[in-house]
Amino acid sequence: MRKFYIFLLLMAVSCSVFAQDRLSLFISRANKYASVELSDYRKRLCVEYNTRGSLLDDYYRQCGRNWGNVGLALEIARTSGKHMRDICHYYKRYRKWNRVLIEIGIRPGSHYYNPFYDRIDFHSRYWHKHYCSYCDHHDRYHHKKYKKYRRHKWDDDDDDDGWDDDDD
């Protein structure tokens with residue numbers, strides 16, 4: 001029986017770590033997308049959650065000035081049926097989304113758990129796909145610039161004489 005309890009404890013810890021990774025991934029992807037397309041991100045939040053832009057700005061201040069946190073808080077409010085004011089209050093109090101989810105009642109085994117994480121995964125993939133698309137079209141934010149090898153101006157020359165032929 002003791003082994004069974006240890007097994008349950010390990011399962012709960014691993015589920016909570018996996019859930020935190022999914023939340024962190026959602027927040028980071030939403031922030032990346034908002035950093036390059038904030039107006040589109042805000043517009044999507046306004047339409048999807050039926051919220052005014054001025055309220056989003058207020059939620060932004062209450063959620064640690066982090067657009068990913070705003071998106072996550074809106075999704076928690078939608079899933080749980082709680083008011084955003086309550087979600088922001090919990091976030092200010094605990095500063096950890098896993099703790100907020102437990103307080104709200106979104107935990108493994110609850111009927112909110114799977115729909116919540118399905119929507120989080122959907123939005124996370126959406127933000128990532130559109131951020132990568134934006135990076136492919138705009139070199140200024142191109143995500144390949146973070147590779148170890150960085151291309152220089154002279155790497156674009158086709159000839160191997162070592163001279164920059166752009167000077168006129």
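Excluded from the calculations below are hydrogen atoms, water molecules and symmetry mates; all remaining heavy atoms, backbone and side chain alike, are included. None of the values given here were measured: they were computed from a predicted structure.
Once rounded to the nearest 0.5 Å, the distance linking CD of Glu37 with OH of Tyr134 reads 5.0 Å. Interatomic distance, Phe116 CZ to Ser110 OG, rounded to the nearest 0.5 Å: 10.0 Å. Note that OH of Tyr90 and CD1 of Ile102 are 12.5 Å apart. Values are rounded to the nearest 0.5 Å. Summarising the geometry, atom NE2 belonging to His83 is positioned 9.5 Å from atom SG belonging to Cys88; distances are rounded to the nearest 0.5 Å.
Residues forming a ring-ring contact (aromatic ring centres under 6.0 Å, His included) with Tyr41 (at least two apart in sequence, or on another chain): Trp127. For His130, the ring-ring contact (aromatic ring centres under 6.0 Å, His included) test picks out Tyr126, with sequence neighbours left out. For the side chain to side chain donor-acceptor pair (under 3.5 Å) test, residues two or more places apart in sequence or in another chain that qualify with Arg99 are Glu103. Qualifying side chain to side chain donor-acceptor pair (under 3.5 Å) partners for Arg78, counting only residues two or more places apart in sequence or in other chains: none. For His111, there are no side-chain contact (heavy atoms from CB on, under 4.5 Å) partners, not counting sequence neighbours. Partners of Ser124 under the side chain to side chain donor-acceptor pair (under 3.5 Å) rule, at least two apart in sequence or in another chain, are Arg29. For Ala73, the side-chain contact (heavy atoms from CB on, under 4.5 Å) partners at least two apart in sequence or on another chain are Cys63, Met84, Ile87, Trp97. Asn66 pairs by the side-chain contact (heavy atoms from CB on, under 4.5 Å) definition with Ile27, Asn31, Asn69, not counting sequence neighbours. Taking Phe122 as the reference, Arg125 meet the side-chain contact (heavy atoms from CB on, under 4.5 Å) condition, with sequence neighbours excluded. Partners of Tyr94 according to the ring-ring contact (aromatic ring centres under 6.0 Å, His included) rule, which considers only residues two or more places apart in sequence or in another chain, do not exist here. Every residue two or more places apart in sequence or in another chain that forms a side chain to side chain donor-acceptor pair (under 3.5 Å) with Asp40 is listed here: Tyr33.
Checked by atom type and distance alone, the side chain of Thr79 never pairs as donor or acceptor with a backbone atom of Ile76 at under 3.5 Å.
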Listed pairs under 3.5 Å, donor-acceptor, residues 48-60 side chains, sequence neighbours left out:
residue : atom : partner : partner atom : Å
Glu48   : OE2  : Arg119  : NH2          : 2.7
Glu48   : OE2  : His123  : NE2          : 3.0
Tyr49   : OH   : Glu75   : OE1          : 2.5
Thr51   : OG1  : Tyr49   : O            : 3.0
Asp57   : OD1  : Arg42   : NH2          : 2.9
Asp57   : OD2  : Arg42   : NH2          : 3.3
Asp58   : OD2  : Gln62   : NE2          : 2.9
Tyr60   : OH   : Arg65   : O            : 3.4

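Counting heavy atoms from C-beta on, the side chains of Tyr117 and Leu101 come closer than 4.5 Å. Contact annotation: the side chain of Ile120 approaches that of Leu72 to within less than 4.5 Å [non-hydrogen atoms, C-beta and beyond].
For Tyr112 against Gly105, the heavy-atom pair with the smallest separation is CD1-O, 3.9 Å.
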